[in-house]
Amino acid sequence: MLKNAGGLHKFNGWDRPILTDSGGYQVYSLANTRKLTNEGVVFNSHIDGSKHSFTPERVIDIQRIIGADIMMAFDECTPYPCDYDYAKKSMHLTHAWLKRCVEHDKKSPFLYGYSQALFPIVQGSVYKDLRKQSAETIASVNAEGNAIGGLSVGEPHEMMYEMTELVCDVLPADKPRYLMGVGTPVNILESIALGIDMFDCVMPTRNARHGLLYTRQGVINIKNEKWATDFSALDEDGTSIVDKQYSKAYLRHLFKAQEILAGMIASLHNLAFYLWLVGEARKNILEGTFSEWKQSMVGCLDTRL
RNA sequence: GGGGAGAUACCAGAGCGGUCAAAUGGGGCAGACUGUAAAUCUGUUGGCUAAGCCUUCGGAGGUUCGAAUCCUCCUCUCCCCA
């Protein structure tokens with residue numbers, strides 16, 4: 001399935017795949033309100049306080065029903081910092097849950113006439129031996145693609161890159177390597193250089209809602225006063241429809257007026273920028289110019305405009 | 001015409017003799033955000049030759065060691081009655 005992801009393949013009857021997460025990240029982000037056992041996780045709804053539980057089996061069932069083309073295994077995303085003993089214990093828990101996910105996945109039939117891939121997730125915090133061991137375990141599952149979790153949770157970038165590189169050396173190169181939760185435009189380019197093929201992140205949309213725009217010249221905080229009377233296009237080089245349609249001053253006004261449209265326009269812009277960025281990366285890889293191109297991009301992307 | 005209430009920083013609004021450059025909201029300015037409990041959170045918001053000093057609480061006087069706080073007059077707002 002994924003080998004055809006370039007074009008001809010139809011996914012869930014549409015032309016774009018659906019990817020669902022397992023809830024593993026909620027185990028991390030809802031740390032205050034959940035109870036974790038070997039069986040799974042119990043947590044209270046923030047909406048009405050009702051109890052809910054995630055187990056590896058249940059998480060597969062849910063993703064089946066959603067019909068995701070790529071389902072994620074249930075894991076525990078450890079926080080940073082995380083002491084070695086806990087990281088080790090947690091990694092083994094994630095591996096045990098993975099086994100249950102895989103078994104349950106095999107047992108349960110596809111519901112909508114197309115197959116669903118199940119990606120396992122490497123853990124191991126920032127410890128090299130754990131990361132290596134986890135990557136080997138994950139690779140041995142022989143899934144259609146492999147994910148790296150537990151990074152971009154507050155550790156220094158250098159550490160994140162070091163772990164990514166180490167894990168990429170173990171995970172098969174002929175299957176997608178998916179770095180979960182990353183990241184900034186620079187993070188993405190650096191990670192591609194280390195062998196990553198897939199990403200997902202809240203950054204382009206959440207930061208857009210908060211007024212941060214990514215461009216190839218650098219980062220704009222559109223809420224800043226300096227844009228108040230700048231009536232130039234949102235992004236002269238932008239590829240999305242909003243980029244030339246709206247001015248910086250207008251978007252700033254929408255933010256100041258707390259118009260919901262502000263977050264929508266900014267999100268469209270950032271998403272288009274991310275798409276352009278990885279598209280360029282792909283092009284440069286194919287042309288053998290990725291390294292130089294990345295070098296030239298990284299210099300600008302972090303600039304504050 | 002008679003009676004009453006009040007004027008505080010950009011706005012609203014506490015404070016009612018010293019611990020007040022003045023609570024708290026809002027607004028302004030800036031920052032954070034990385035498998036989305038996130039249209040969220042944080043800092044800052046009189047001026048300077050800044051651990052100190054200077055000018056602020058409608059205006060002008062006064063009382064006091066000391067006033068945004070007490071007294072007198074003035075100006076202006078709002079409410080009730082006629």
Side-chain angles (χ1 to χ4, degrees), chain A residues 18-34 41 43-50 52 54 59 63 68 70-80 94 118-123 125 138 145-157 159-161 163-164 167 176-191 196-214 219-228 251-267 270-271 274 277 301-302 304-305:
Chain A
I18 298 171
L19 187 153
T20 49
D21 196 10
S22 60
Y25 191 72
Q26 280 57 47
V27 175
Y28 157 80
S29 66
L30 276 57
N32 299 325
T33 52
R34 49 88 161 157
V41 175
F43 63 95
N44 294 314
S45 162
H46 68 282
I47 296 165
D48 62 3
S50 56
H52 297 267
F54 285 163
V59 148
Q63 296 184 93
I70 298 172
M71 311 189 297
M72 299 308 300
F74 193 44
D75 68 332
E76 184 192 7
C77 176
T78 48
Y80 178 83
T94 288
L118 172 63
F119 283 21
I121 305 171
V122 174
Q123 288 292 341
S125 189
I138 266 50
N146 299 291
I148 305 169
L151 292 176
S152 65
V153 288
E155 77 283 3
H157 284 170
M159 228 171 224
M160 177 172 91
Y161 296 142
M163 293 301 132
T164 301
V167 169
R177 292 186 284 225
Y178 165 26
L179 182 55
M180 304 185 79
V182 174
T184 65
V186 171
N187 287 162
I188 286 177
L189 296 190
E190 295 295 355
S191 302
I196 297 295
D197 307 291
M198 284 174 61
F199 301 91
D200 81 286
C201 193
V202 304
M203 201 153 256
T205 48
R206 182 186 292 167
N207 279 358
R209 271 178 266 125
H210 298 166
L212 232 60
L213 306 179
Y214 294 102
V219 184
I220 292 176
N221 183 345
I222 199 66
K223 290 193 283 190
N224 284 175
E225 191 170 27
K226 64 204 282 194
W227 309 113
L251 182 57
R252 182 186 124 98
H253 156 73
L254 291 177
F255 268 105
K256 288 292 159 189
Q258 295 181 61
E259 276 288 348
I260 201 79
L261 183 59
M264 296 166 74
I265 291 172
S267 293
N270 275 354
L271 254 10
Y274 268 59
L277 187 71
L301 290 172
D302 273 342
R304 201 76 184 200
L305 300 179

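Naming convention: chains lettered A, B, ... in sequence-line order (proteins, then strands); numbering from 1 in each chain. For the numbers below, each heavy atom of this structure counts, side chains included, while hydrogens, waters and symmetry mates do not.
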For A:Q258 and A:R206, take the nucleotide of RNA chain B holding the closest heavy atom to each; which residue's nucleotide lies nearer the 5' end?
-> A:Q258
As a test of reading the structure: which of [options] is closest to the side chain of [X], going by heavy atoms?
X	options	value
A:H210	B:C29, B:G35, B:A39	B:A39
A:H157	B:A39, B:C29, B:U34	B:U34
A:Q26	B:A37, B:G31, B:U34	B:A37

Distance-only donor-acceptor pairs under 3.5 Å for side chains of residues 179-189 of chain A, two or more places apart:
{"from": "A:T184", "atom 1": "OG1", "to": "A:N187", "atom 2": "N", "distance (Å)": "3.0"}
{"from": "A:T184", "atom 1": "OG1", "to": "A:N187", "atom 2": "OD1", "distance (Å)": "3.1"}
{"from": "A:T184", "atom 1": "OG1", "to": "A:N187", "atom 2": "ND2", "distance (Å)": "3.4"}
{"from": "A:N187", "atom 1": "OD1", "to": "A:T184", "atom 2": "N", "distance (Å)": "3.2"}
{"from": "A:N187", "atom 1": "ND2", "to": "A:Y161", "atom 2": "OH", "distance (Å)": "2.9"}

Sticking with atom [atom1], work out how far [N] lies from [M], rounded to a whole angstrom.
N	M	atom1	value
B:C20	B:G62	C1'	23 Å
B:A9	B:U55	C1'	13 Å
B:G15	B:A23	P	13 Å
B:G25	B:C70	C1'	30 Å
B:G3	B:G17	P	29 Å
B:A14	B:A22	C1'	10 Å
B:U72	B:U63	C1'	11 Å
B:A21	B:C81	P	44 Å

Are OP1 or OP2 of [N] and a side-chain N or O of [X] less than 4.0 angstrom apart?
X	N	answer
A:R209	B:A32	no
A:N224	B:C29	no
A:T184	B:U34	no
A:K256	B:C29	yes
A:R304	B:A30	no

Min side-chain heavy-atom separation A:V41-A:F74 under 4.5 Å = yes
May I ask you to say what [X] touches in the nucleic acid, namely base, sugar-phosphate or nothing, with a heavy-atom cut-off under 4.0 Å?
X	result
A:G150	base
A:D200	sugar-phosphate
A:R34	nothing
A:Q123	base
A:I121	base
A:T33	base

Could you tell me how far apart [X] ([atom1]) and [N] ([atom2]) are, to the nearest whole angstrom?
X	N	atom1	atom2	answer
A:L301	B:U34	CG	P	19 Å
A:K223	B:A30	NZ	C1'	10 Å
A:D21	B:G35	CG	P	10 Å
A:I222	B:C33	CD1	C1'	18 Å
A:E225	B:C29	CD	P	5 Å
A:L212	B:A32	CG	P	7 Å
A:M159	B:U34	CE	P	18 Å
A:R252	B:C29	CZ	C1'	9 Å

Donor-acceptor contact below 3.5 Å, side chain [X] vs main chain [Y]:
X	Y	answer
A:Q63	A:M72	yes
A:W227	A:N221	yes
A:D197	A:R177	yes

Aromatic contact, A:F43 with A:F54 (centres under 6.0 Å) = yes
May I ask you to list the residues of residues 71-80 of chain A, by number, that have any heavy atom positioned under 4.0 Å from an atom of RNA chain B?
->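 Within this stretch, A:D75, A:C77 sit under 4.0 Å of the strand.
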Heavy-atom pair of closest approach, residues A:G49 and A:N44 =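 Closest heavy-atom pair between A:G49 and A:N44: O-OD1, 3.4 Å.
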Might you point out which heavy atoms bring A:L118 and A:A73 nearest each other, and give the distance in Å?
->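 So the minimum-distance heavy-atom pair works out to CD1-N, 3.7 Å.
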